[in-house]
Amino acid sequence: MPELPEVETTCRGIAPHITGRKVKAIVVRQPSLRWPVPADLPALLVGRKLHGVSRRGKYLLLGFSEGSLLIHLGMSGSLRLVAPGAPPQLHDHIDIAFSGRVLRYHDPRRFGSMHWQPGDPAEHFLLASLGPEPLEPLFDGEWLFQRSRKRQQAVKPFLMDSKVVVGVGNIYANEALFMAGIKPIRKAGSLTRNNCLALAEHIKFVLQRSIDQGGTTLRDFVGGDGKPGYFKQQLLVYGRGGEPCTVCALPLKEIRLGQRTTVYCTRCQR
DNA sequence: CGGACTCCCTGCCGGC
DNA sequence: TGCCGGCAGGGAGTCC
């Protein structure tokens with residue numbers, strides 16, 4: 001169930017265990033993901049040494065000297081390290097076997113993907129037009145303000161547009177809008193500069209806090225129990241439609257906006 | 001171009 | 001109990 005913090009947690013969790021190791025084998029049990037898994041994946045990877053693991057938006061990048069493997073976890077994907085020979089479970093679609101450790105891709109809904117990009121991964125078509133990373137200084141209130149000018153779209157789908165900023169999914173869009181006191185259905189173009197400053201700060205805050213908490217379950221995660229790294233009980237609005245607002249106790253309103261569940265407080269968010 | 005909508009897929013939950 | 005519709009955290013592709 002990956003949003004940016006889960007992808008970041010995965011990145012940090014797997015990196016120390018596989019960086020510098022050689023790929024020994026690739027097993028593709030189910031090549032039909034969001035896009036077909038490249039048929040030549042074994043030829044591309046076996047024998048290559050992994051230089052490092054990084055993240056761009058919700059894409060994980062396994063970097064080799066010749067290029068990068070881009071992995072997206074979709075809605076239901078996860079990566080785990082398992083011991084060589086561990087029996088695959090249902091929906092364990094792909095193994096990347098390193099010396100001593102197997103990186104196993106699991107994805108019931110198969111909305112995830114794997115792509116190979118020679119050379120600089122940033123040139124891949126899926127990454128080329130992505131907006132800034134939310135936790136980097138390049139993304140700030142001024143950026144949001146400039147990008148939102150004259151946009152008629154509601155602010156929530158605007159925030160979830162990966163060309164505006166990457167990594168803000170449905171959960172964190174709801175949370176950040178609540179914390180910033182901004183109604184999700186407001187037109188992006190109606191936001192004031194101060195609105196945008198608040199919004200950018202709360203996006204950074206909620207994502208960073210979630211990453212910090214994901215870190216607390218890293219050991220379990222790497223050990224293979226796959227515990228998700230975010231804490232549902234800390235969410236202020238997402239999943240709480242009809243329940244009292246944590247600030248004013250008015251029941252939270254739940255609507256559909258751009259085909260996604262949206263929860264907000266009609267009193268605290270304007 | 002912006003913005004709304006569709007679809008990829010399995011699992012699960014609530015209603016009947 | 002079983003079946004069925006609807007919904008789930010993403011996001012590319014299509015159409016207007």
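Lettering follows sequence order; numbering is per chain, from 1.
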Exercise. Could you give the CG-to-C1' distance, from A/Asp161 to C/dG10, as a whole number of Å?
Worked result: 13 Å
Problem set entry | Modelled atom types, side-chain donor and acceptor of A/Asp107 and A/Tyr105, under 3.5 Å | yes
Seminar exercise, completed: Listing for DNA chain C: consecutive Watson-Crick or G-U pair runs of at least 3, distance cutoff 3.5 Å, ranges ordered by first number, gives B:2-8 with C:10-16, B:10-16 with C:2-8
Exercise. Below 4.0 angstrom from OP1 or OP2 of C/dG9, is there any side-chain N or O of A/Tyr172?
Worked result: no
For this session: Establish, from distance only, whether the side-chain atoms of A/Asn195 and A/Arg186 form a donor-acceptor pair under 3.5 Å.
Result: yes
Problem set entry | Salt-bridge present (A/Arg55, A/Glu133; N to O < 4.0 Å) | yes
Problem set entry | Spacing of A/Leu45 atom CG and A/Leu62 atom CG [to the nearest 0.5 Å] | 8.0 Å
Problem set entry | Interatomic distance where CD belongs to A/Glu3 and C1' belongs to C/dG10 [whole Å] | 9 Å
For this session: Among the candidates B/dG11, C/dG10, C/dC7, find the nucleotide nearest to the side-chain atoms of A/Leu90.
Result: B/dG11
Problem set entry | d(NE2, A/His72; C1', B/dC9) in whole Å | 15 Å
For residues 154-169 of chain A, which side-chain N or O atoms pair as donor and acceptor with protein atoms under 3.5 Å away, sequence neighbours left out?
| unit_1 | atom_1 | unit_2 | atom_2 | d |
| --- | --- | --- | --- | --- |
| A/Lys156 | NZ | A/Asn170 | OD1 | 2.6 |
| A/Lys156 | NZ | A/Thr262 | OG1 | 3.0 |
| A/Asp161 | OD1 | A/Lys163 | N | 2.9 |

Exercise. Is A/Phe111 stacked on the base of B/dC9, meaning ring centres closer than 5.5 Å and planes within 30 degrees of each other?
Worked result: no
For this session: Tell me, with the steps shown, if A/Arg48 and A/Ser65 meet side chain to side chain donor-acceptor pair (under 3.5 Å).
Result: CA-CA 8 Å; A/Arg48 308 288 186 211; A/Ser65 60; over 6 Å; no
Under-3.5 Å N/O pairs linking protein and nucleotides 12-15 of chain C:
| unit_1 | atom_1 | unit_2 | atom_2 | d |
| --- | --- | --- | --- | --- |
| C/dA12 | OP1 | A/Tyr59 | OH | 3.1 |
| C/dA12 | O4' | A/Arg34 | NH2 | 2.8 |

For this session: Using a 4.0 Å heavy-atom cut-off across all strands, classify A/Leu257 as base, sugar-phosphate, or nothing.
Result: nothing
Problem set entry | Distance-only donor-acceptor test (3.5 Å): side chain A/Arg110, base B/dC9 | no
For this session: Provide, to the nearest angstrom, the distance between the NZ atom belonging to A/Lys156 and the C1' atom belonging to C/dG11.
Result: 14 Å
Would you tabulate the pairs of protein nitrogen or oxygen atoms and nucleotide nitrogen or oxygen atoms of nucleotides 2-6 of chain B closer than 3.5 angstrom?
| unit_1 | atom_1 | unit_2 | atom_2 | d |
| --- | --- | --- | --- | --- |
| B/dG3 | OP1 | A/Gln152 | N | 2.4 |
| B/dG3 | OP1 | A/Gln153 | N | 2.9 |
| B/dG3 | OP2 | A/Arg151 | NE | 2.6 |
| B/dG3 | OP2 | A/Arg151 | NH2 | 2.8 |

Exercise. In whole angstroms, how far is the C1' atom of C/dG11 from the CE atom of A/Met75?
Worked result: 9 Å
For this session: Find the distance between CZ (A/Arg270) and CD1 (A/Ile182) and round it off to the nearest 0.5 Å.
Result: 13.0 Å
Problem set entry | Length of the CG-P vector between A/Asn174 and C/dG10, whole Å | 10 Å
Exercise. Separation of A/Leu33 atom CG from C/dG11 atom P, in whole Å?
Worked result: 15 Å
Exercise. Do A/Arg260 and C/dG11 have a side chain to base donor-acceptor pair shorter than 3.5 Å?
Worked result: yes
Problem set entry | For atom CD of A/Gln234 and atom P of C/dG9, their distance in whole Å | 20 Å
For this session: With the side chain of A/Tyr238 defined as its heavy atoms from C-beta on, choose the nearest nucleotide among C/dG10, C/dG9, B/dT10.
Result: C/dG9
For this session: Using the six-membered ring wherever Trp is involved, compare the ring planes of A/His115 and A/Phe125 and label them parallel, tilted or perpendicular (cut-offs 30° and 60°).
Result: perpendicular
Exercise. Between B/dT10, C/dG10, C/dC7, which nucleotide gets closest to the side-chain atoms of A/Arg109?
Worked result: B/dT10
Problem set entry | Worked check of salt bridge (charged side-chain N to carboxylate O under 4.0 Å, His left out) between A/Glu6 and A/Lys58 | CA-CA 9 Å; A/Glu6 288 70 49; A/Lys58 292 175 185 168; over 6 Å; no
Exercise. Same cluster or not: are A/Ile26 and A/Trp116 linked, directly or through other Ile, Leu, Val, Met, Phe, Trp or Tyr residues, by side-chain heavy atoms under 4.5 angstrom apart?
Worked result: yes
For this session: Apply side-chain hydrogen bond (donor to acceptor under 3.5 Å, both in side chains) to A/Arg240 and list each qualifying residue two or more places apart in sequence or on a separate chain.
Result: A/Glu243
Problem set entry | For A/Phe98, ring pair (Phe, Tyr, Trp, His ring centres under 6.0 Å) partners two or more places apart | none
